[in-house]
Amino acid sequence: MPKSRIRKKADYTPPPSKQAQAIKLENRGWVAPVMLAMFLIGLAWIVVFYVTDGSLPIHALRNWNIVVGFGFIAAGFGVSTQWK
């Protein structure tokens, strides 16, 4: 029986490596304090509304005070997207 020919496989050459580029991180030291302040203001707004039976913080808003409190909390989450 004759021997089969052995095919020589081409050597694997990996693709050229990309050089890592430095990522510029801007100074965002203001993000964490503002985010936490928004969270705390929103929480305090809602707690004060419930503790005072709706007479504070703004009596004219009535139950819309809850929306204002959650608005501050939502703004805190919006600011948190800037954190790196």
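A donor-acceptor pair under 3.5 Å is absent between the side-chain atoms of R62 and the main chain of G54, judged by distance alone. With N65 contributing its side chain and I58 its backbone, the two residues share a donor-acceptor pair below 3.5 Å.
Between I73 and I46 there is a side-chain heavy-atom pair separated by less than 4.5 Å.
Residues S55 and T52 come closest through the heavy atom pair OG-O, 3.0 Å.
Sorted by first and then second residue, the pairs that involve residues 47-84 and meet ring pair (Phe, Tyr, Trp, His ring centres under 6.0 Å), not counting sequence neighbours, are F39-F77, W45-F72.
Under a hydrophobic-cluster definition in which Ile, Leu, Val, Met, Phe, Trp and Tyr are linked whenever side-chain heavy atoms come within less than 4.5 Å, directly or via other members, V79 and L43 are assigned to different clusters.
Atom CE of M35 sits about 10.0 Å away from atom CG of L40, to the nearest 0.5 Å.
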